[in-house]
Amino acid sequence: MAATRSKKPPRVGDHPIFRLGLLAAVLVLTALVVVAPLVVIGVQAFSAGADVFVATITDADTRHAIFLTVATALIAVPINTVFGVAAAWAITKFDFTGKRLLLIVIEIPFSISPIVAGVAYLFVYGLQGVFGPALEAAEIKVLFALPGIVLASMFVTAPFVARELIPLMQAQGRDLEEAATSLGASGWRTFFSVTLPNVRWALLYGVVLCNARVMGEFGAVSVVSGNIRGQTNTLPLHVELLYHDYQTAGAFAAASILALLAVVTLFAKVLLERQGAGRAGRPALAAPQTIKTETLT
């Protein structure tokens with residue numbers, strides 16, 4: 001009787017056949033969806049020989065596309081980082097009218113197609129747009145130039161940092177900030193001595209994702225840049241131009257740079273997750289840290 005009571009009903013997935021089948025399905029999908037494209041890019045990039053690969057990478061148009069992509073990231077990522085930190089701090093540490101509206105606004109880029117966002121910028125900053133005539137009169141060029149590319153990239157990647165920080169900062173609560181304020185710390189001192197150290201890994205995690213998306217963005221940038229070879233085409237747009245010109249090996253050579261960026265981003269993501277910045281490590285990060293009185297005085 002005791003032995004009968006000690007038996008537990010089998011759980012879903014306990015059967016070895018089920019577990020092996022599930023594991024096989026995951027491995028097959030991973031190989032087909034993730035690994036196979038990366039392998040094909042590497043093979044095709046050198047299909048015409050190393051000379052063609054080097055010639056494509058060192059070509060003036062490719063170098064300009066790489067430069068424009070890096071320049072866009074260097075501008076858009078810091079701005080979105082500041083925006084994400086400010087938005088997360090305001091939402092999690094203060095009560096104010098319109099908090100839910102701000103959360104909805106932050107989520108908008110995730111629900112709108114990047115191409116739609118690019119078209120919207122045309123109607124705002126284009127010649128027939130809201131600010132187009134004023135910008136033309138002031139001889140300020142936004143669209144089909146670096147400013148338009150940066151704006152489109154900022155819109156697409158705006159939620160990444162905030163989305164990583166908000167859940168963590170909500171879990172941490174306001175106790176540490178209130179304690180620091182009671183000890184006489186100013187708002188900035190509280191932020192740099194208490195808030196920022198507790199979210200640093202999640203912040204870096206969001207910055208990595210934001211940077212990867214900026215460098216790989218295609219839809220919105222293709223609309224606002226004009227896709228002018230050697231002038232306004234970023235690296236993803238340059239890959240498309242090479243492919244349409246039937247330079248398949250060159251297109252894959254340029255795409256290999258983006259693939260390498262994806263791999264580096266993946267390793268950075270894994271490293272940050274181990275440090276407690278990823279979703280699996282957030283509970284550990286949520287543990288409050290002891291406030292050192294001497295750092296606030």
Side-chain angles (χ1 to χ4, degrees), residues 55-84 105-106 108-161 207 209-248 250-262:
T56 301
I57 299 301
T58 58
D59 180 72
D61 292 341
T62 303
R63 286 188 284 109
H64 185 273
I66 295 174
F67 166 77
L68 188 60
T69 302
V70 174
T72 302
L74 290 177
I75 299 173
V77 173
I79 295 176
N80 274 345
T81 300
V82 174
F83 165 76
V105 171
I106 292 175
I108 286 178
F110 280 153
S111 60
I112 295 181
S113 170
I115 294 180
V116 174
V119 173
Y121 275 106
L122 289 178
F123 286 100
V124 175
Y125 299 103
L127 293 178
Q128 306 300 324
V130 178
F131 303 113
L135 291 173
E136 186 180 14
E139 297 183 352
I140 299 176
K141 191 173 183 180
V142 175
L143 296 182
F144 313 123
L146 179 60
I149 297 173
V150 172
L151 286 174
S153 300
M154 286 173 55
F155 176 86
V156 173
T157 60
F160 280 91
V161 175
V207 170
L209 295 181
C210 180
N211 181 74
R213 181 59 190 275
V214 167
M215 290 191 172
E217 175 56 31
F218 179 87
V221 173
S222 66
V223 176
V224 302
S225 68
N227 205 359
I228 304 173
R229 187 189 297 270
Q231 297 183 31
T232 63
N233 61 326
T234 58
L235 192 54
L237 302 181
H238 187 62
V239 172
E240 183 194 35
L241 288 178
L242 291 175
Y243 187 77
H244 286 173
D245 290 343
Y246 301 99
Q247 300 180 33
T248 305
F252 277 104
S256 65
I257 300 177
L258 294 174
L260 179 62
L261 171 66

I'd like to know if the side chain of T62 and the backbone of T56 have a donor-acceptor N/O pair within less than 3.5 Å. yes

A158 and P109 have their tightest heavy-atom pair at CB-CG, 4.5 Å

Considering all heavy atoms, the nearest P114-V156 contact: CB-CG2, 4.3 Å

What's the shortest heavy-atom distance between V224 and G148, and which atoms? CG2-O, 3.4 Å

What pair of heavy atoms forms the shortest contact from T232 to G226, and how long is it? OG1-C, 4.1 Å

Check for me whether the distance between the ring centres of F83 and F160 falls short of 6.0 Å. no

Under the side-chain contact (heavy atoms from CB on, under 4.5 Å) criterion, do T234 and L237 qualify, and how do the steps go? CA-CA 5 Å; T234 58; L237 302 181; 3.6 Å; yes

To the nearest 0.5 angstrom, please state how far the NE2 atom of H64 sits from the CG atom of N233. 7.5 Å

Where the side chain of D59 meets the backbone of D61, is there a donor-acceptor pair that is under 3.5 Å apart? yes

Where is the tightest heavy-atom contact between M215 and L258, given as atom of each residue plus distance? O-CD2, 3.7 Å

Would you compute the distance between atom CG of L135 and atom CG of L143 and round it to the nearest 0.5 angstrom? 8.5 Å

Residues passing the salt bridge (charged side-chain N to carboxylate O under 4.0 Å, His left out) test with R63, sequence neighbours excluded, are none

Atom CD1 of I75 and atom CG of N80: how far apart are they, to the nearest 0.5 Å? 12.0 Å

As a test of understanding, state which of I149, V150, L151 forms a side chain to side chain contact (heavy atoms under 4.5 Å, CB included) with S153. I149

Please examine the side chains of F252 and T248, heavy atoms only from C-beta on, and report whether any two atoms are closer than 4.5 Å. yes

Neighbour count >12 (heavy atoms, 6.0 Å) for atom CZ, F110: yes

Do the ring planes of Y121 and Y125 sit parallel (below 30°), tilted (30 to 60°) or perpendicular (above 60°)? parallel

Separation between CZ of F155 and CD1 of I108, rounded to the nearest 0.5 Å: 7.0 Å

Examine distances only and state if a side-chain atom of T69 and a backbone atom of A65 form a donor-acceptor pair shorter than 3.5 Å. yes

Could you state the interatomic distance from CG (L241) to CZ (R229), rounded to the nearest 0.5 Å? 5.0 Å

Shortest non-hydrogen contact between A117 and I112, atoms and distance: N-CG2, 4.1 Å

Drop me the distance from L235's CG to F218's CZ, to the nearest 0.5 angstrom. 11.5 Å

Under a 3.5 Å distance rule, please check whether E217 uses its side chain to pair with a backbone N or O of G219 as donor and acceptor. yes

